[in-house]
Amino acid sequence: MVQLTINGKQIEAAEGTTVLSAAKQAGIEIPTLCAHKELTPFGGCRLCIVDVQGFRVPIASCTLPVSNGMVVNTETEAIQKSRKFILSMLFSERNHFCPFCQVSGGDCELQNAAYAEDMTHWPMQPGWNKYPVDSSHPYYVLDNNRCILCRRCVRACGELVGNFTLTMAERGASTLVVADTNVPLGESTCIKCGTCVQVCPTGALIDRTSAYQGHDLMMSEIKSVCIGCSVGCGIKMIVHDNRIVRIEGDWDAPVNRGVLCEHGRYDPMNEKRNRITSPMLRKDGKLTPVSWDEALSVVADKLKPLAGKEHDGLAALASTRLPVEALAMFKELFADGFKSGMVTSTEEGMTTASVNAVAEKAGAFEGKLDVLKNADVVLCIGANVAKSHMVAGFMIKRALPKGMRLVNIDPEASELDDLADVSLTPKTGSDLALVEALQAVIVKEGLGRAPLSIQNADGLIEAGVNASGVDAETLSRVARLLANAVSPVILYGKGVTAQRDEKLVEALLDLAKLTGAVDAERFGLLSVKGEANSVAAAQFNLDKQFVLNGQQAVYALIGDDFVSRRLAERLSKAPYLVVQATYASLVTEKADVVLPAALWSEQAGHYVNMDGRIQTAEKAINAPDGVRESTTVLAEVAMRMNMPIKQDWNTSLRTRKASVTLA
Ligand code: FES
């Protein structure tokens with residue numbers, strides 16, 4: 001530890017800490033603009049200057065490491081004067097005429113810094129050149145006139161997202177933020193994650209959806225969890241007047257540390273589906289609005305006689321986007337109460353069934369996304385994470401420039417192919433043979449870090465080559481890369497799990513042990529799962545394939561999920577269909593009873609992400625009149641059929657062995 005004095009206060013800080021961080025830890029705030037807690041220090045704006053005894057000039061504290069005996073003063077008269085001067089220069093260099101800027105009066109860090117220094121006017125005459133405003137992007141506007149050249153956006157695009165779309169062009173006072181080779185942002189390689197907008201301290205990058213909707217001071221902020229996929233990113237919902245104005249990544253969230261993808265940030269803002277706000281019954285062939293009492297009576301009368309019939313009674317299906325509480329109730333009502341043999345989820349265990357089957361035997365064998373932080377080689381198999389689980393993809397993409405090696409195995413072309421050191425496109429269905437061949441190379445060459453008995457290594461290698469179409473040399477290269485890695489990670493996805501082949505998952509586990517990806521202390525094997533609550537659904541055994549075979553009715557709890565055409569077609573064959581859904585869809589069109597369901601942001605609940613974190617999603621807005629939460633409706637249905645529900649989701653969640661540690 002290092003001892004130093006800041007503003008007369010003796011403090012201690014770990015070696016390598018910057019003066020800015022040490023001061024913050026000691027409760028001393030130093031104004032900043034270009035610094036950001038998730039970005040590497042840059043030292044561009046100079047607002048964080050401090051006086052250090054023995055130094056001739058003020059020094060930027062965000063890039064200055066602490067040293068023993070250092071004496072720092074953050075509030076001398078000279079420092080305060082210099083700070084005002086720096087701010088005056090920033091204001092004069094571009095168009096920072098606050099009253100006309102959408103971020104004025106709330107989240108403009110430049111304006112707030114000026115107010116903190118008691119600045120009420122520009123001491124210097126502004127004299128900026130006019131730059132064209134780039135409004136070519138569907139979600140945000142880039143206005144270089146309001147830029148202070150802090151490069152937070154450029155750094156975030158590279159360091160946090162690994163996309164490297166934004167960069168700087170020109171020199172000196174003419175420096176500009178540009179996309180790629182100065183193409184319009186909307187035509188660039190931008191992946192629309194919005195991280196640049198979130199880190200921008202001024203109005204240079206503004207969000208089109210929330211712009212001019214009111215100042216942040218008028219809004220409330222609700223921390224929650226994104227339910228776009230199983231990564232489970234922490235979010236902040238900015239709410240005004242019972243409406244979500246904007247979604248931001250939560251910088252304190254353990255999974256994503258502030259970063260979000262396009263789907264998490266913008267999809268909920270662009271919802272186009274038609275909302276269902278009243279219960280409906282099919283009368284004379286037409287769905288007709290009715291009261292809750294009438295709809296629930298009809299449901300209870302129709303379903304009650306089907307209780308206890310395992311195969312020819314009721315089939316039930318629930319979305320994996322529902323909170324754990326709703327899934328637990330659903331399982332308790334239909335699997336335990338009705339004793340139906342066909343109770344499952346909309347994912348039908350596609351991403352979890354084979355994984356959980358292995359966990360039943362091996363216990364928890366998968367790790368946390370955090371393992372990617374220190375991975376030097378990542379084998380990605382059947383998982384297009386750059387598209388399906390984008391934030392997990394960012395974790396890989398941003399590590400590549402730091403030296404991480406990537407092997408991508410996918411029969412389908414994937415975004416990761418261009419980034420990978422080795423990209424294999426094996427023949428469909430050859431994964432098991434390929435993984436066994438990789439094991440065989442490692443064992444044959446004596447590179448294994450754990451024992452694995454392989455009788456006929458040459459035969460397995462040949463079989464792998466023949467089945468996959470990958471040549472023996474490339475296969476050996478991949479095997480050696482993995483075996484020689486210090487911290488390898490194997491990431492697998494739907495391409496593997498949809499095969500429902502337990503043996504393939506076991507083979508991946510063996511490969512992980514053989515390469516040291518998994519040992520007694522490290523769990524460098526993980527599957528990305530599917531939707532927000534895939535893991536919870538699997539824990540409730542909602543992972544069967546949905547087959548209608550003689551059942552007299554189906555209860556489909558869709559919530560706000562999207563329904564595939566294939567599933568809609570199967571559901572349309574139900575003799576009697578009850579659908580609990582937020583939006584009108586192909587499924588509600590065919591239903592005999594439709595019950596409106598609250599949207600994810602209209603109800604609180606828990607979600608278990610891909611690596612087993614049990615996280616809380618908060619209610620941010622109220623549902624429209626007449627719409628009830630999923631659990632309220634299920635409880636009412638249960639009550640009308642005299643099947644009381646215990647509602648102990650936490651115990652129920654842990655009844656089955658999981659592939660990940662649930663906590
Ligand atoms: Fe230190 Fe910008 S915050 S130079």
Side-chain angles (χ1 to χ4, degrees), residues 2 4 6-7 11 13-67 70-76 78-94 96 103 107-119 124 144 146-160 166-168 171-173 175-177 195-205 251-252 257-258:
V2 169
L4 71 159
I6 304 183
N7 294 354
I11 63 168
E15 214 164 312
T17 311
T18 62
V19 169
L20 178 69
S21 304
K24 201 174 178 65
Q25 284 159 21
I28 299 164
E29 284 300 327
I30 300 173
T32 58
L33 278 172
C34 69
H36 190 282
K37 78 182 188 86
E38 293 301 321
L39 299 172
T40 47
F42 173 62
C45 73
R46 317 310 285 176
L47 193 64
C48 68
I49 48 165
V50 292
D51 178 81
V52 183
Q53 212 172 72
F55 282 55
R56 234 172 9 93
V57 289
I59 306 286
S61 60
C62 67
T63 48
L64 180 69
V66 290
S67 63
M70 196 178 233
V71 179
V72 178
N73 208 320
T74 69
E75 295 299 335
T76 64
I79 289 291
Q80 285 170 350
K81 219 171 138 194
S82 299
R83 222 182 262 151
K84 270 192 189 169
F85 180 71
I86 290 165
L87 283 167
S88 303
M89 295 282 281
L90 285 172
F91 272 94
S92 71
E93 273 177 7
R94 301 256 166 128
H96 299 297
V103 293
D107 74 345
C108 177
E109 294 179 40
L110 176 65
Q111 188 186 42
N112 293 344
Y115 284 150
E117 298 301 320
D118 292 329
M119 287 174 67
M124 276 180 238
N144 267 294
R146 298 201 192 278
C147 179
I148 56 167
L149 306 180
C150 69
R151 292 161 173 81
R152 271 198 201 173
C153 56
V154 175
R155 289 182 287 148
C157 187
E159 286 179 27
L160 304 182
L166 293 179
T167 184
M168 307 302 292
R171 286 275 186 277
T175 308
L176 288 172
V177 173
T195 307
C196 55
V197 181
Q198 190 171 317
V199 294
C200 178
T202 67
L205 277 156
W251 296 112
D252 298 324
R257 302 206 69 84

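We count ligands from 1, going down the list as the structure has it; atoms in each ligand are counted the same way.
Near G43, meaning under 4.0 Å from any of its heavy atoms, are these atoms of ligand 1: 4 (S). Close approach of ligand 1 to C62 (heavy-atom distance below 4.0 Å) involves ligand atoms 1 (Fe), 3 (S), 4 (S). Atoms of ligand 1 found under 4.0 Å from any heavy atom of L33, numbered from 1 in the order shown, are 3 (S). Per-residue contacts place T32 under 4.0 angstrom from the following atoms of ligand 1 (heavy atoms of the residue considered): 3 (S). Near G44, meaning under 4.0 Å from any of its heavy atoms, are these atoms of ligand 1: 4 (S). Annotation for ligand 1: atoms under 4.0 Å from non-hydrogen atoms of A35 are 3 (S).
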_side chain to side chain contact (heavy atoms under 4.5 Å, CB included) between W251 and V199, intermediate numbers included_ = CA-CA 10 Å; W251 296 112; V199 294; 3.6 Å; yes
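Although no hydrogens or angles enter the test, the distance criterion places no donor-acceptor pair under 3.5 Å between the side chain of S67 and the main chain of M70. Without hydrogens or angle criteria, S61 side chain to C48 main chain gives a donor-acceptor distance under 3.5 Å. Between the side chain of R155 and the backbone N or O of C34 there is at least one donor-acceptor pair closer than 3.5 Å.
For atom 4 (S) of ligand 1, the closest heavy atom belonging to the protein is R46 N, 3.1 Å.
L149 contributes atom CG, which lies 7.0 Å from atom CD of E93 (distance to the nearest 0.5 angstrom). The distance from atom CD1 of I49 to atom SG of C62, rounded to the nearest 0.5 Å, is 11.5 Å. Taking NE2 from H96 and CZ from R146, the interatomic distance works out to 8.5 Å, rounded to the nearest 0.5 Å.
Heavy atoms of other residues, nucleotides or ligands lying less than 6.0 angstrom from NZ of K81 number 12 at most.
For residue C48, no N/O/S atom approaches atom 2 (Fe) of ligand 1 to within less than 2.8 Å. Taking 2.8 Å as the threshold, C150 does not count as a candidate ligand of atom 2 (Fe) of ligand 1, since none of its N, O or S atoms lies below it.
At atom 2 (Fe) of ligand 1, the vertex angle linking SG of C34 with SG of C45 is 110° (nearest 10 degrees).
In T63, neither the side chain nor the backbone holds a heavy atom less than 4.0 Å from any atom of ligand 1.
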